[in-house]
Amino acid sequence: MVRLCLIGSRQPFSWCTPTDGLASRGGTLPALHQAGRPLPALVGSEPKASRSRRRTTRHPPHPRAAAPAKAGLLRHPPPSRCCVYPGPRPSQGLLRTHRVKPWPHPFPYEHLSSPAQARDDGREMTGARLRFAPSPTGLFHVGSARTALYNWLAARGGGGVFVLRIEDTDAERGREEWVGGILEALDWLGLDWDEGPYFQSQRSERYSEAAALLAGTGRAYWCECTREEIDRRAREAGRPPGYDRCCRDRGLSPGPGRVLRFATPLDGETVVDDRIRGSVKFANRDIEDFVIVRSTGAPLFLLSNVVDDMDQLISDVVRGEDHLSNTPKYQLLWEALGGPSLPRFAHLPMLVNEKRQKLSKRRDKVALESYREQGYLAEAMCNYLALLGWGPEDGEEVLSKAELVEKFSLEKVNHSPAFFDLRKLDHFNGIWLRRLAAEEFEERALPYLERQAWGNRFDRASFRRLAPLVQERVATLEEVPAMVDFLFLDRPALQDRDWAKLSGDPSTRTVLQAAAELYGTVSWDAPMLEAETRRLSERLGRPLRKTQAPIRVAVTGRAVGPPLFESLEVLGRERVLRRLGEALDMLGGPARAEEHAPPAG
RNA sequence: GGCCCCAUCGUCUAGUGGCCUAGGACACCACCCUCUCAAGGUGGAGGCACGGGUUCGAAUCCCGUUGGGGCUGCCA
């Protein structure tokens, strides 16, 4: 059992490693380094009718769908769940910087499960296998979240398997804490995965084998050109920037400073058949001889991505449109490695900023975590994210994840980029907040209240009494504390603007004095307070809204908040009277109660 | 520069040749409700980028233009 502890979660993440009867690693790996030998699939590509129990599916199954596990690596059933929470899900506690240890950890390579296994989990399987393959190079991105969600929806909607893979081939940029961020983000969103996480950093042997195969068959070659040389040659020859295939026929052997480049075909075209965009043609001559292995021997994304999709039997690649131009390279590599039939592709439209540029970590607010911290609900985030690039036919936009699974279809995904609009997110968050059961709302608001500087003055019981009124007035959980802070502060947090307006009005003193008198004796519950304040208002000859305003500011410090009389009730007579008195003191000046006092009786 | 993708209200979308005088949602405006603020209700303003075709008929199909974006890394 490998266990990752996420500081900030009450429960540790953990995933099982096989403990019994699994084929030993390595021994059953096909030998890939023999020149001329195509890379065999780890699983038979010929579906066996007897074992492939076809189900009705929304989409035509991939040729490899429902292919049963062949003897060998996949002979033994993997653990029923690869990633589980032992016990209740972590609280909605605020994220802190978290650290995952240890890392790298043993790679759960033998985990590859057959579709049959997932079927045992109680889901209808079609054998479609989708993966979400983020790289741990920064805070988890809302665009990644959308991609993960669409993969998850496609998997869950079609009875497929959802695989999580961490693409950490770039040791320089990858950081272990980002891995924890990915896991925690997916967990928060409720996007559970069936397999993985697989770590590319644990599979370098496999990529070396693939690289050796490509080099051995002449589909790749070693190159010693530096970036500077390449740029200079292009410049001097007046060619557009790009590699000139200089080393392609030099027959170099591996060596220091040398990278392995894939030799792309010089003619013909590669056609990408995309489920969202249709068929997209690329002339092979436009695809440069791209690097697949660094001079350090480490594989590049292009290679490891293909090898993993092959090994992990991915049938459907759903990713951002920024990968569309990579796809012909993917396909060429796939073919050169002797892979079975290609996966299906679906390239999702990008998420863009207000200037309609791809969302960037640098200039845009993209960290999912920051939205979580601000009190956005995972339900709202999923709901909103799903609508970025897709819309339900019936127009009903407020959808739970279960409803999304029901209605979502990759084929209906839009083609054009979408802007991440905070205001609409706010609207959805308000809806989901109001849908929460009272106790649930209270529970989720708790972390935001407890982190306030009220110290031990916070009192859950008082909050509970006002919570339902707060619930329907906030758009995010972050707004909750300001709604109820007057309950937990010695003196209300007087808002300058509100106080200025109040103190500038000569009638304020009259109202506050009258209220103080009234509240000294009135029966202390909201209905009575309201009724009596209304009568007071009539006696003063002013509308209730004009009367409640000074009282509200004096008692709560703010001009807006939960309904006043409930607030007074919870605060209690003593504190209300004290605050009215303090406000009157602050108002200063001569008491002019006589002038405005209502006729006695 | 080269290659590729995209184009319906400000934003997210419905629309796949006639049902479109283009529907919904967010935001906005007005009114109603109302102890503040929200929520809710009613109504309003607002769009098929442009130009050519094809067709009896085009938001929808084709071509072009323009505009936007992505890729073009020993990042993913």
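Quick note on labels: first sequence line is chain A, next is B, and so on, each numbered from 1. Computed from a predicted model, the values in this text were never measured in an experiment.
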Within the 4.0 Å heavy-atom criterion, would you say [X] contacts the bases, only the backbone, or no part of the nucleic acid?
X	answer
A/Val291	sugar-phosphate
A/His323	base
A/Phe565	base
A/Lys281	sugar-phosphate
A/Gly561	base
A/Arg534	sugar-phosphate

**Prompt:** Quick one: are the ring centres of A/Phe301 and A/Tyr330 less than 6.0 Å apart?
**Reply:** no
Which of A/Arg233, A/Arg227, A/Arg235 passes salt bridge (charged side-chain N to carboxylate O under 4.0 Å, His left out) with A/Asp231? It is A/Arg227
Of B/rC74, B/rA7, B/rA38, the nucleotide closest to the side chain of A/Ser416 is B/rA7
Of the listed B/rU11, B/rA38, B/rG15, the closest approach to the A/Arg473 side chain comes from B/rA38
Between [X] ([atom1]) and [N] ([atom2]), how many Å, whole number?
X	N	atom1	atom2	answer
A/Asp286	B/rG2	CG	C1'	7 Å
A/Phe290	B/rC4	CZ	C1'	16 Å
A/Lys424	B/rG10	NZ	C1'	13 Å
A/Leu348	B/rG70	CG	C1'	14 Å
A/Asp322	B/rG68	CG	P	20 Å
A/Leu260	B/rG73	CG	P	17 Å
A/Phe419	B/rC9	CZ	C1'	16 Å
A/Leu388	B/rC26	CG	P	16 Å

Residue-phosphate contact under 4.0 Å: [X] side-chain N/O, [N] OP1/OP2:
X	N	result
A/Lys412	B/rU16	no
A/Arg165	B/rA76	no
A/Arg423	B/rU11	no
A/Arg294	B/rC75	yes
A/Asn414	B/rA14	yes
A/Thr169	B/rA76	yes
A/Arg356	B/rC12	yes
A/Arg239	B/rG1	no

Using Watson-Crick or G-U wobble geometry with both distances under 3.5 Å, which nucleotide pairs with [N]?
N	value
B/rU55	none
B/rU16	none
B/rU11	B/rA25
B/rA39	none

Between A/Val474 and A/Glu167, the residue closer to the 5' end of RNA chain B by nearest nucleotide is A/Val474
Sorted by position of nearest nucleotide on RNA chain B, 5' first, the leading residue of A/Leu425 and A/Pro563 is A/Leu425
One should read off an interatomic distance between A/Lys358 NZ and A/Met350 CE, to the nearest 0.5 angstrom, of 4.5 Å
Q: Answer yes or no for A/Arg356 and A/Phe419: cation-pi contact, defined as NZ/CZ to six-membered ring centre under 6.0 Å and angle to ring axis within 45°.
A: no
- When you compare B/rG44 with B/rA22, how far apart are their P atoms, in angstrom units rounded to a whole number? 13 Å
